[in-house]
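Values reported hereafter were calculated over all heavy atoms of this structure, with side chains retained and with hydrogens, waters and symmetry mates removed. Lettering follows sequence order; numbering is per chain, from 1.
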Amino acid sequence: MKKIGGMLLFCFMLFMVPNMSHASAGLQIYLNGVSLSPSAGGQIIKDYTMIPIRVVVEELGFQVDWDKKTRTVTIHNDKTSMTLVVDQKWATVDGKKVSLDMPPTLKSDTTLVPLRFVGEQMGLVVNWENATKSVYLFTSDYSSEVTKPDVPTTPGKPDQGGSTGEGSNNGSDGTNNGSNGSNGGNSGNGSVTQDLAEIQTVTFEDNRLVVGVSKSDVKPTQTKLSNPDRIVVDIPNAKFSDSFFNSQNFAANGQAEIQLTDHPLVSKIRYSLFSSNPSTVRIVIDLNQNQAYQFTTTKDPNTIIVDLNGGSTDPGNGSNPGTIPPANGKYVVVIDAGHGAKDPGAISLNKRNEKDFNLAQALKVAELFQNDPDVQIVLTRSDDTFLELKERVTVAKQANANLFISIHANSINKATISGTETYYSRDDESKAFAQVMHSNLVQGTKLPDRGVRKQSLHVTRETTMPACLLEVGYLTNQTDEAALYQDDFQNRVAQSIKNGIKQYLGLQP
Amino acid sequence: MRKMTLLLGMLITIIAIAAGCGQKSGDPETGGKPEAQQHAEQTLHIQAYYTDDQILNLVQEKKDIKFADEKAKYLEALKALQSTDDAKLVKLWQENEFQSAILKDGGALIIDVKIPAEAHLGASGEDLAIQAVLKTVFQFEEVQSVDILVDGQSVDSLMGHVELEHPYTRKSIM
Ligand SMILES: [Zn+2]
């Protein structure tokens, strides 16, 4: 059973599959690739994953003693024993005092303990994947088994009977749903070799990853992950060209690397044929820190580019070499999609998340400026990740931005309130900028004009360039909400934002 | 920095009325010295804060709060923000939960709230919601600082637009 889907689990250990299905929006915990029951009741408190002690016993299999009087938890297996006390910021592990970032806490009669601390002290490997809010735990014997650079063997008999094939597909469901799509009717094993794009080159120079591809119609996806920070690019329906494959040092595990010693931003770049159905090439950039970047594709030559020159998102480190502003003579405009990941923003009447609207709208604005001769867009986030307010400000500062626009959708506890508002915080050029943006925005939204307002909001106050925050419409109003998630509406709003930017900068529309 | 000042709110003398036989009147301006009858129910007039449908300013409304234990009055005052009879006012805290409000030594009030995602407000709503809390509890003269925690944790922001100060002082609302 453990070995079923070994290849997939193996890849998964190397790369941390980004497209985990997360039907339940909550926290997912996996032990050796198997999901713990949803009733495990893990929760995130201030960025720490906390689990009830019951789960430590039932799911992780450690011995637990709970002393109600002293509120002391003792967790042990045959190797290690630790004692934690509710709200006490240190624990005792095998007789030694160890400080705790997050002490155990009592929540409605359930004692929650910090999963990473307990797991790691008890010898588990603990990985957190922010994009999917998932925790992956591996027992030491398991993880050494999968990380060994041996080619994993196919389970059981050499002949891949129907049921075995089924089994490995099921095994992949729990861990990998990244290969959805062009799967129709295919038996699963025979991969179609014609029509695959060939990866011909992978280079990294001047803080840019450039991937040369044989065809222009590739549809790569990219995900930014943290702990450790990395950018994952998947190129479906692609394979390595023979000449490239032979020129590279692919290890027995199917992976090749570019090692970068002493590079300020990147430690290494890894690539492999990640999935055979559909044939997918995965490239991972292992970052030294959280790093803003731009993802583009070009035609003729056909390339996929990850440009890390967009600025560092590491706060308070302005002088590091990763923060070179683009020196191509363009205006830099930061578009900040509000909220993200663990912060959904407001919830709409029909239970849709504000963060999703914000991101879709921000991406549409960025798209409109692609190939713009005068303006370069820098996104604070281009996927469902979380940034603290101050990190958004840092992106703008380090990108040397000329303008800053934060995109939000509004929410209030009164369904009749409807319309578009624009906020600024500083009585400098921000006010005029907000007025220009707002007059354009209301033409795009066609919702009631609720005016330009001044309010002390972190991102518009702490940035140093003209800045405004757009509350495009009310998620709590029926008419507004229906509009906000429509493609047409978002396209119109994106165009109006572009018009506003161009007008303020005195550029030809 | 802030449009509204608390001056008015601070100067308002909150008159305690005895709501019945055997009840003690308390005065928040004196810190309400507990006496023998401290478990008798008291009623206080306070100002509670809401917003109008422009969501631009705080609007105050007189409310009565009742409590038996002096220590409970901060939480009761905050809970007053969750309801109003005036249909023109917009409640900023209706769906959020005040879990506790405990006054520590030195006048530090620790407020623990629960903010369900469904109750997240937009940028101005969030700012006003925080101001409403501060103005409400700074009516009590003994409160010198206010720390707002979410589920016991000190977080950067309640709803992702406004950063929280840990703690707020009376200066924060001027
Ligand atoms: Zn928002």
Would you say that more than 12 heavy atoms from the other residues, nucleotides or ligands in this model lie under 6.0 Å from the CG of B:Asp85, or not?
no

Answer yes or no: does atom NZ of A:Lys107 have more than 12 heavy-atom neighbours from other residues, nucleotides or ligands under 6.0 Å?
yes

Between A:Leu457 and B:Ala123, what is the shortest heavy-atom contact and its length?
CD1-CB, 3.6 Å

Applying the side chain to side chain contact (heavy atoms under 4.5 Å, CB included) criterion to B:Leu56, which one of A:Gln455, A:Glu421, A:Lys454, A:Arg450 satisfies it?
A:Gln455

I need the minimum non-hydrogen distance between B:Glu95 and A:Asn413, along with the two atoms involved.
OE2-OD1, 3.7 Å

Contact origin within B:Ala87 toward chain A - heavy atom pairs under 4.5 Å:
backbone

Above 12 or not: heavy atoms from other molecules or residues under 6.0 Å from NZ of A:Lys431?
no

Non-hydrogen atoms of chain B under 4.5 Å away: do they reach the side chain of A:Ile417, the backbone, both or neither?
side chain

Is there any residue in residues 464-471 of chain A with a non-hydrogen atom under 4.5 Å from a non-hydrogen atom of chain B, and which ones are they?
A:Leu469, A:Glu471

Only pairs of heavy atoms separated by less than 4.5 Å count here; which of B:Leu121, B:Leu92, B:Leu128 has the most with chain A?
B:Leu121

Look at A:Thr476, A:Thr460, A:Asp343 and state which one has the largest set of heavy-atom pairs under 4.5 Å with chain B.
A:Asp343

Under a 4.5 Å heavy-atom cut-off, does chain A meet the side chain of B:Gln54, its backbone, both or neither?
both

Inter-residue atom distance B:Asp53.CG - A:Ile412.CD1, 0.5 Å rounding:
10.0 Å

Just give me the residue among B:Pro116, B:Ala117, B:Gly125 that pairs up with chain A most often, heavy atom to heavy atom, under 4.5 Å.
B:Ala117

Taking the six-membered ring where the residue is Trp, are the ring centres of B:His120 and A:His339 under 6.0 Å apart?
no

Cut-off 3.5 Å, side chains only: do B:His161 and A:His458 have a donor facing an acceptor?
no

Rounded at 0.5 Å granularity, tell me how far CG in B:Asp127 sits from OH in A:Tyr423.
9.5 Å

At under 4.5 Å between heavy atoms, what parts of residues 149-157 of chain B are in contact with chain A? List them by residue number.
B:Asp151, B:Gln153, B:Ser154, B:Val155, B:Asp156, B:Ser157

Residue selection (most heavy-atom pairs with chain A, distance under 4.5 Å) from B:Glu118, B:Lys91, B:Glu126
B:Lys91

For the candidates A:Arg453, A:Glu462, A:His408, which exhibits the highest count of non-hydrogen atom pairs separated by less than 4.5 Å from chain B?
A:Arg453

Check this for me: A:Gln88, atom CD, are more than 12 non-hydrogen atoms of other residues, nucleotides or ligands nearer than 6.0 Å?
yes

